[in-house]
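I have placed the structure first, in the form of structure tokens, so that the comments after it can refer back to it.
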Amino acid sequence: MITGYIECGKIELARSFFDAMPDRNNVSYITMISAYSKYGSVESAKELYDQMAEKDLLLYNAMIACFAQNNRAKEALQLFDEMLNPNANVQPDKMTLASAISACSQLGDSKYGTWIETYMRELGIGMDDHLATSFIDLYAKCGNIDKAHELFNSLQKRDLVAYTAMILGYGINGRGKEAIELFEEMMDADIIPNLVTFTGILTAYNHVGLVKEGYRCFMSMQRHGLLPSQDHYAIVVDLLGRAGRLEEAHELIKKIPMQPHAGVWGALLLACSLHNNVELAEVAWKNCCELEPDSSGYHSLLANIYASAGRWDDAKRLRRAVEEKGLVKIPGSSWTECFESQQ
DNA sequence: GTAGGGTTAG
């Protein structure tokens with residue numbers, strides 16, 4: 001009954017049914033927690049998790065997965081650590097490890113990831129395709145593309161998620177040719193790409209600067225019945241923008257059927273700074289500010305553009321405005337950091 | 001394979 005409601009997305013109905021159940025057991029809790037996880041309601045999931053006094057393996061797994069799937073990697077690893085404490089009286093299994101590796105990958109923590117690989121052997125847990133896929137993602141994000149590829153070759157069966165992880169891995173490592181070849185191999189195998197796959201392949205086109213092909217790929221999304229997300233638009237804006245095709249990038253943004261998010265305009269702003277286009281930069285900057293008024297990055301970017309155009313007064317004015325408003329600088333992160341620490 | 005796991009930019 002609960003699962004029926006969950007399948008059609010009626011999560012509140014599922015919850016009221018859950019609340020009315022006289023004989024709620026771990027299974028019902030786990031089902032409900034997973035449902036909240038799927039719809040991004042991490043707090044509601046945590047609330048249910050906290051209600052259980054005795055945490056068993058599956059309950060831990062459901063909650064760790066929930067954190068990992070909703071970009072709360074730190075909390076996922078925190079809970080994983082808690083579970084490793086002998087007092088917890090549980091031992092992780094492959095489900096736990098898959099989520100933990102995913103969390104390491106999100107944090108770019110290859111050290112912890114490698115430790116998990118060793119620990120896995122200690123526990124006598126063998127590598128399966130799910131685990132291998134999370135390791136592919138981890139190693140690729142940490143720049144160890146050879147190790148990622150080795151794991152990809154070892155898969156028993158290459159499915160959509162595995163292909164997607166590897167394509168994205170090649171994409172972010174600038175190995176466009178390999179990414180494109182793999183994408184074609186996937187299509188030949190009649191595996192239908194999803195939105196994530198397109199993020200990967202578009203990233204690859206972007207890295208090798210294949211504008212025409214990348215744009216064509218983006219346009220092909222509709223044929224697969226996929227509606228490009230803001231992220232996809234942002235990648236294509238970046239692709240066109242880096243190639244200096246700023247007007248086309250601007251036109252594309254104007255055609256987005258929804259309100260573009262700041263990242264889309266940010267990609268245009270970045271392109272304007274690469275190609276010293278002050279007028280368009282101002283347009284992009286204005287939109288960025290409206291959508292994300294608290295971020296200082298856009299101001300600094302425009303200030304740099306003013307400076308390189310010799311408009312020192314404008315640059316100074318903007319930099320002063322940042323200081324006066326006390327805007328926070330969001331520190332950038334880099335995947336290469338964890339690669340370097342691995343060397 | 002009977003609850004629970006793996007893939008989204010720069």
Side-chain angles (χ1 to χ4, degrees), chain A residues 2-3 6 25-35 37-38 45 49 56-69 71 76 80 92-106 125 127-138 140-141 148 151-152 155 157-174 182 186 191 193-207 214 226 228-239 241-242 261 263-264 266-271 273-274 297 301 330 332-336:
Chain A
I2 286 195
T3 45
I6 292 166
N25 54 17
N26 274 22
V27 180
S28 17
Y29 270 89
I30 289 157
T31 310
M32 206 56 228
I33 289 171
S34 310
S37 170
K38 197 171 151 196
Y49 170 83
D56 67 2
L57 173 65
L58 273 79
L59 204 53
Y60 268 114
N61 283 355
M63 198 58 226
I64 294 173
C66 175
F67 282 135
Q69 286 163 1
N71 288 313
F80 180 60
D93 68 356
K94 25 180 81 174
M95 307 292 178
T96 332
L97 297 185
S99 299
I101 299 157
S102 162
C104 292
S105 169
Q106 286 168 38
I125 294 176
M127 187 73 84
D128 69 5
D129 283 359
H130 275 85
L131 281 167
T133 304
S134 30
F135 276 119
I136 288 171
D137 174 61
L138 173 78
K141 287 211 174 109
L151 276 163
F152 183 73
L155 293 175
K157 193 171 181 297
R158 301 176 173 187
D159 68 0
L160 173 68
V161 181
Y163 268 114
T164 300
M166 195 64 226
I167 289 168
L168 186 72
Y170 276 137
I172 55 183
N173 283 283
L182 210 56
M186 191 188 98
I191 296 171
N194 67 11
L195 287 172
V196 189
T197 321
F198 273 99
T199 300
I201 190 70
L202 289 173
T203 303
Y205 278 119
N206 196 1
H207 266 269
L226 296 169
S229 74
Q230 305 261 355
D231 287 342
H232 297 96
Y233 278 102
I235 299 168
V236 180
V237 166
D238 196 54
L239 175 77
R242 280 178 197 272
H261 66 198
V264 178
L268 183 65
L269 183 58
L270 185 82
S273 83
L274 296 172
L301 209 46
I330 298 158
S333 64
S334 158
W335 294 120
T336 51

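A note on names: the letters A, B, ... follow the listed sequences, proteins ahead of strands, and every chain is numbered from 1. Since we're looking at a predicted model, the values are computed, not measured.
Residue-level contact check: D159(A) touches the bases, meaning some heavy atom is under 4.0 Å from a base atom. Within the 4.0 angstrom heavy-atom criterion, only backbone atoms of the sugar-phosphate kind lie near T203(A); the bases stay farther away. Contact annotation for A68(A): no contact, since no heavy-atom pair falls under 4.0 Å across all strands. Contacts of L168(A) with the nucleic acid, taken as non-hydrogen atoms under 4.0 Å apart, involve only primed sugar atoms and P, OP1 or OP2.
For the pair M127(A) CE and dG6(B) P, the computed distance is 16 Å after rounding to whole Å. Summarising the geometry, the separation between CG on L202(A) and P on dA9(B) is reported as 12 Å, rounded to the nearest angstrom. The distance from atom NZ of K157(A) to atom P of dT7(B) is 18 Å, rounded to the nearest whole Å. One interatomic measurement links the two molecules: CG of N173(A) to P of dA9(B), which rounds to 13 Å at whole-angstrom precision. Summarising the geometry, the separation between CD1 on I136(A) and P on dT7(B) is reported as 11 Å, rounded to the nearest angstrom. Rounded to whole angstrom, the span from the OH atom of Y60(A) across to the P atom of dG5(B) amounts to 18 Å. I167(A) places its CD1 atom 15 Å from the C1' atom of dG6(B), with the value rounded to the nearest Å. The nearest whole Å value for the distance from the CZ atom in F67(A) to the P atom in dG6(B) is 14 Å.
With centres under 5.5 Å and a plane angle under 30° as the test, the ring of H130(A) is not stacked against the base of dG6(B).
Residues passing the side-chain contact (heavy atoms from CB on, under 4.5 Å) test with A76(A), sequence neighbours excluded: I64(A), F67(A), A68(A), A103(A).
Across dG10(B), dG6(B), dG5(B), the shortest atom-to-atom separation from the side chain of R242(A) is found for dG10(B). Nearest nucleotide to the I172(A) side chain, out of dG10(B), dG5(B), dG4(B): dG10(B). Distance from the side chain of S34(A) is smallest for dG4(B) among the nucleotides dG4(B), dG5(B), dT7(B). Between dT7(B), dG10(B), dG6(B), one nucleotide has an atom nearer to the side chain of A165(A) than all others, and that is dT7(B). Here the side chain of L131(A) is nearest to one of dG6(B), dG5(B), dG4(B), namely dG5(B).
Taking only distance into account, the side chain of S134(A) never meets the base of dG6(B) through a donor-acceptor pair shorter than 3.5 Å. Checked by distance alone, D93(A) brings a side-chain donor or acceptor within 3.5 Å of a matching partner on the base of dG4(B). Taking only distance into account, the side chain of D128(A) never meets the base of dG6(B) through a donor-acceptor pair shorter than 3.5 Å.
Remark: the D137(A) side chain and the S134(A) side chain contain no N/O donor-acceptor pair separated by less than 3.5 Å. For S229(A) and H232(A), the side-chain atoms include at least one donor-acceptor pair closer than 3.5 Å.
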- Task: Assess whether side-chain contact (heavy atoms from CB on, under 4.5 Å) is satisfied between N173(A) and H207(A), documenting all intermediate values.
- Result: CA-CA 8 Å; N173(A) 283 283; H207(A) 266 269; over 6 Å; no
Yes or no on side-chain contact (heavy atoms from CB on, under 4.5 Å) for T203(A) and Y170(A), after CA distance, side-chain angles and deciding distance? CA-CA 9 Å; T203(A) 303; Y170(A) 276 137; over 6 Å; no
Can I33(A) and Y49(A) be said to form a side-chain contact (heavy atoms from CB on, under 4.5 Å), step by step?
CA-CA 7 Å; I33(A) 289 171; Y49(A) 170 83; 4.0 Å; yes
Carefully, step by step, assess D231(A) and L195(A) under the rule side-chain contact (heavy atoms from CB on, under 4.5 Å). CA-CA 10 Å; D231(A) 287 342; L195(A) 287 172; over 6 Å; no
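Contacts between residues 228-239 of chain A and DNA chain B, defined by a heavy-atom separation below 4.0 Å, involve D231(A), A234(A), I235(A), listed by number.
Distances shorter than 4.0 Å separate some side-chain N or O of S102(A) from OP1 or OP2 on dT7(B).
Between dG1(B) and dG5(B), the distance separating the two C1' atoms is 15 Å to the nearest Å.
Annotation: F152(A) is in aromatic contact with Y163(A) [ring centroid separation under 6.0 Å].
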